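Each remark here refers to the structure printed beneath this line.
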Amino acid sequence: MKDFAGKVAFITGGASGLGFGLAKVFSDAGCKVVIADIRQDHLDEAVAYFRGKNAAVHAIKLDITDRKAYAAAADEVEKVFGEPPQLLFNNAGVNTFGPTEKSTYEDWDWLMGVLLGGVINGMQTFVPRMIAAGKGGYIVNTSSIGGFAGSDGAAIYCAAKAAVNNLSESYHLSLKKYGIGVSVCTPANIKSNIAEATFTRPETLKNTGYVVNEQSIDSLRRIHSAGMEPVELAGHMKKGIEDEQLYIIPYPEAKESLEKHFQEILDSVLPMEADPEGVKQRNEALRAWAAERREMFAAAKEQEKA
Ligand SMILES: NC(=O)c1ccc[n+]([C@@H]2O[C@H](COP(=O)([O-])OP(=O)(O)OC[C@H]3O[C@@H](n4cnc5c(N)ncnc54)[C@H](O)[C@@H]3O)[C@@H](O)[C@H]2O)c1
C-alpha cells in the first residue's frame, strides 16, 4: 500500500508510545485515524494533541481483551467513518518481568490475554469486515524482538510475541488473495510509557509472582527513556507497509543476536545425507496428503456453490 489518503486507520494502544506515533504519522499521511485505548487519560491527551489540527481523529475507550466491546468499537468506526478500516494496527501491549519459574497463572493470563488475545481479537473482529468491504487493506501487528527467542526474565512476553510473529506470517500468506497485506514489526527499545503497564492490570489478575513496585517501574522508565522515538519508528513502519515487507525491524543492533539464534537452530537440523530414505518417504507422504487436501477443498467449494 502506497496511498494512505482518506483511508481509515484503526490503532490499538493508539493514545501512547508507538501507537500515538502511528496516529501522528498516518494522520499526516491523510488517514482518518481511530485511536483505541484502555486508558482514558492517554485518550484525553491524544485527543487534545489533535484538536485544532484539522485532522479526522476519533477516540474509543476499548479494552482489546473484551470481544463484545471490540465488536461494538468496530460498529462505531463504521458509523463514524462510513466503512471499516483499511489499515489496522494491532499495537496495544503491556509487560511485566520476572523469573520464569515464579510466574503465576494470573501473570500468564494477563500478558497472554493482552499481547496475544488482543491481536487475535483484532484479527477476528476486523478481517471479515475488511474482506467483505472488498477494498483490500493492510494490517501491521506490533510484536517485539523478544518474539524471536526465549528469555530468562520475560518468558510470557516472549511467548506471546513469538505467537504474534507466527500468526502474522500465516495471515500474510492467507490474506494476499484479498489484497490485504500483513506485516509484523518487531521493535527493540521504544521511548514510551510501557513502564506504567501495570497500572492497567485488572484487579482479578493482580496476583503476580514477580517483584513489581515503584523501583521496578522507575528502572523501566529509565531504560525506555533511551528508546527510539515513536514517530521515527512509525515512519519506518510506514515505509515497511509501502514496501510490503513481512518483517519490519528497524533496529540494526538486533542483527547479531538474530544471526546467532537462527544459526543455532539451523545447526540443529540433521544434514540430508543422514537419512535420505526417510526424507524421501516423508516428502512423498506429504505431497500425497497435500494433493488430497486440495481435492477436498475443491469439492467443498463446489458443494458451497450448489
Ligand atoms: N516499549 C518498548 O521498548 C517495546 C519494545 C518492543 C515492543 N513493544 C511493543 O510496542 C507496543 C506498544 O507499546 P509502547 O511501548 O508504545 O507502550 P505504551 O504503554 O506507551 O503504549 C501502549 C498503550 O496500550 C494501551 N493498552 C494496554 N492494555 C490495553 C488493553 N487491554 N486494551 C487497549 N489498550 C491497552 C495502554 O493504555 C497504552 O496507552 C506493545 O505491543 C509493546 O509490547 C514495546
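Because the structure is a prediction, the values reported are computed rather than measured. Ligands are counted one by one from 1 in listed order, and the atoms in each one are counted from 1 as well.
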Practice problem: Please determine if Lys301 forms a cation-pi arrangement with Phe297, meaning its NZ or CZ atom is less than 6.0 Å from the six-membered ring centre and no more than 45° off the ring axis. | Solution: no
At a 4.0 Å threshold, what atoms of ligand 1 neighbour a non-hydrogen atom of [X]?
| X | result |
| --- | --- |
| Asn189 | 3 (O) |
| Asp63 | 30 (C), 31 (N), 32 (N) |
| Leu18 | 16 (O) |
| Gly13 | 23 (C), 24 (O), 25 (C) |
| Gly17 | 16 (O), 20 (O) |

Using heavy-atom distances, let me know which of [options] sits nearest [atom].
| atom | options | value |
| --- | --- | --- |
| atom 7 (C) of ligand 1 | Gly147, Ser143, Ala15, Pro202 | Ser143 |
| atom 34 (N) of ligand 1 | Thr200, Ile38, Asp66, Leu22 | Ile38 |
| atom 40 (C) of ligand 1 | Asn91, Thr142, Ile194 | Asn91 |
| atom 39 (O) of ligand 1 | Asp37, Asn121, Ile145 | Asp37 |
| atom 22 (C) of ligand 1 | Gly19, Gly93, Ala195 | Gly93 |
| atom 15 (O) of ligand 1 | Ser192, Ala92, Ser144 | Ser192 |
| atom 30 (C) of ligand 1 | Asp41, Ile64, Ile11 | Ile64 |

Report the part of [X] (side chain from C-beta onward, or backbone N, CA, C, O) that has a heavy atom under 4.0 Å from ligand 1; answer both or neither where that applies.
| X | result |
| --- | --- |
| His224 | side chain |
| Ala188 | backbone |
| Tyr157 | side chain |
| Val94 | side chain |

Identify whether the distance between the nearest side-chain nitrogen and carboxylate oxygen of [X] and [Y] falls below 4.0 Å.
| X | Y | result |
| --- | --- | --- |
| Lys2 | Glu242 | no |
| Asp41 | Arg39 | yes |
| Asp275 | Arg282 | yes |
| Lys79 | Asp75 | no |
| Arg201 | Asp107 | yes |

Quiz item: How are the rings of Phe148 and Tyr247 set to each other: parallel, tilted or perpendicular (split at 30° and 60°)?
Solution: tilted
Practice problem: Classify the ring geometry between Phe97 and Tyr157 as parallel (under 30°), tilted (30 to 60°) or perpendicular (over 60°). | Solution: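 Phe97 and Tyr157: tilted rings.
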Quiz item: Starting from atom 33 (C) of ligand 1, which protein heavy atom do you reach first, and at what distance in Å?
Solution: Leu62 O, 3.0 Å
Quiz item: Of the protein's non-hydrogen atoms, which lies at the shortest distance from atom 44 (C) of ligand 1, and what is that distance?
Solution: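 Answer for atom 44 (C) of ligand 1: Ile190 CD1, 3.5 Å.
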Exercise. Examine ligand 1 and decide if any of its atoms is less than 4.0 Å from a heavy atom belonging to Thr12.
Key: no
Quiz item: Is there a heavy atom in Lys191 that sits closer than 4.0 Å to ligand 1?
Solution: no
Quiz item: Of all residues at least two apart in sequence or in a different chain, which pass the salt bridge (charged side-chain N to carboxylate O under 4.0 Å, His left out) check with Glu78?
Solution: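 Listed in chain order: Arg129.
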Quiz prompt | Matching residue for Ser143 among Thr186, Asn166, Asn165 - test: side chain to side chain donor-acceptor pair (under 3.5 Å) | solution =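 Among Thr186, Asn166, Asn165, the one meeting side chain to side chain donor-acceptor pair (under 3.5 Å) with Ser143 is Asn165.
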Polar-atom distance check: [X] versus ligand 1, any N or O pair below 3.5 Å?
| X | result |
| --- | --- |
| Val114 | no |
| Ser16 | yes |
| Pro187 | no |

Quiz item: Do Ile120 and Leu167 have side chains that get closer than 4.5 Å, going by heavy atoms?
Solution: yes
Quiz prompt | Side chains of Tyr70 and Thr12 in contact at under 4.5 Å (non-hydrogen atoms) | solution = yes
Quiz item: Would a hydrophobic clustering, with Ile, Leu, Val, Met, Phe, Trp and Tyr connected at side-chain separations under 4.5 Å, put Phe26 with Ile190?
Solution: yes
Quiz item: Considering all heavy atoms of both residues, which atom of Ile64 and which atom of Gly118 are nearest to each other, and what is their separation?
Solution: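 Closest pair (atom of Ile64, atom of Gly118, distance): CD1-CA, 3.5 Å.
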